[in-house]
Amino acid sequence: MSSRILIVDDSATYREFLRAELEQEGCTVTAARNADEAVAALAGGGLDCVILDLVMPGTSGTQLCERFDRFRRQRGLFFQIVILTSQDDEEQLMISLNAGADDFVGKAQEMDVLKTRLMALLRRKYFVEDHLMR
């Protein structure tokens, strides 16, 4: 099954790097450069995971995370939210998780760390969905 991932990052270079890495893993990737594009992609539905940059112009990643968490709870959706940031400290970790993120990964981590954590979240998502659908 091809996981559907939304990447939200204002850096075109990093968005394309992430897209290439995740497509190599068999994921279908949509990319957004800001909150408006991200919300439009989310409204399209069918996402398994959203990867959000914490620091973006305009709406912050934390604000967007809160909005996405509200969106999925109101609609009974079970997509995962991962914060991916260069601000990799305990305070940002706690703020992000309290805002509704399911995981928090520093951009300084090896790409394999992000991929492994992402695949673990997706396994849990699919497991829960399979058991809810029975």
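Between S2 and G26, the closest heavy-atom pair is OG-O, 2.9 Å. For the residue pair G100 and C65, the shortest heavy atom distance occurs at C-SG, 3.8 Å. The minimum heavy-atom distance between T30 and A41, with the atom names listed, is CG2-CB, 4.2 Å. The minimum heavy-atom distance between E37 and A32, with the atom names listed, is OE1-CA, 3.5 Å.
Residues L42 and F79 are in side-chain contact: their nearest non-hydrogen atoms beyond the backbone lie under 4.5 Å apart. When side chains are defined from C-beta on, R67 does not count as touching Q63, because their heavy atoms never get closer than 4.5 Å. The side-chain heavy atoms of Y126 and S3, taken from C-beta on, include a pair separated by under 4.5 Å.
Within 6.0 Å of CD in E90 there are 12 or fewer heavy atoms belonging to other residues, nucleotides or ligands. Other residues, nucleotides and ligands contribute over 12 non-hydrogen atoms within 6.0 Å of the CD atom of Q74.
Connection of M111 to L121 is established within a shared hydrophobic cluster, with ILVMFWY side chains joined at heavy-atom distances below 4.5 Å, either directly or through further cluster members. Linking ILVMFWY residues whenever their side-chain heavy atoms come closer than 4.5 Å, directly or via other members, places L122 and V29 in the same cluster. Clustering ILVMFWY residues whenever any of their side-chain heavy atoms sit less than 4.5 angstrom apart, transitively, puts I81 in a cluster other than the one holding L84. A continuous path of ILVMFWY side-chain contacts below 4.5 Å connects L114 to M119, so both sit in one hydrophobic cluster. L22 and V82 fall within the same hydrophobic cluster, where Ile, Leu, Val, Met, Phe, Trp and Tyr residues are linked whenever their side-chain heavy atoms come under 4.5 Å apart, directly or through other members.
Between the CG atom of D103 and the CD1 atom of I83 there is a distance of 10.0 Å, given to the nearest 0.5 Å. Here I51 contributes atom CD1 and R15 contributes atom CZ; the two are 13.5 Å apart, rounded to the nearest 0.5 Å.
A side-chain contact (heavy atoms from CB on, under 4.5 Å) with T85 is found for one member of D9, L52, L54 and no other, namely L54. Residue V8 forms a side-chain contact (heavy atoms from CB on, under 4.5 Å) with just one option from N34, V50, D53, and that option is V50.
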Run the numbers on K115 and L118 for side-chain contact (heavy atoms from CB on, under 4.5 Å), then give the verdict. CA-CA 5 Å; K115 288 180 184 178; L118 184 61; 5.6 Å; no
Would D10 and R33 count as a salt bridge (Lys or Arg N to Asp or Glu O under 4.0 Å) here? Give the steps. CA-CA 4 Å; D10 58 316; R33 62 183 170 197; over 6 Å; no
Please test L93 against F104 for side-chain contact (heavy atoms from CB on, under 4.5 Å), starting from the C-alpha separation and ending with a verdict. CA-CA 6 Å; L93 167 70; F104 180 94; 3.4 Å; yes
Check the pair F71, F68 against ring pair (Phe, Tyr, Trp, His ring centres under 6.0 Å), reporting the backbone distance first and the verdict last. CA-CA 5 Å; F71 180 90; F68 281 13; 7.3 Å; no
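For the pair K107 and Y14, the cation sits on the ring face: its NZ or CZ lies under 6.0 Å from the ring centre, inside 45° of the axis.
Among residue pairs with one or both ends in residues 93-102, those qualifying as side chain to side chain donor-acceptor pair (under 3.5 Å) are R72-D102; sequence neighbours excluded. Screening residues 28-51 for ring pair (Phe, Tyr, Trp, His ring centres under 6.0 Å), with sequence neighbours left out, gives no hits.
One N or O on the side chain of R4 and one on the backbone of G46 form a donor-acceptor pair closer than 3.5 Å.
A salt bridge links E129 to K125: one of the charged nitrogens lies within less than 4.0 Å of a carboxylate oxygen.
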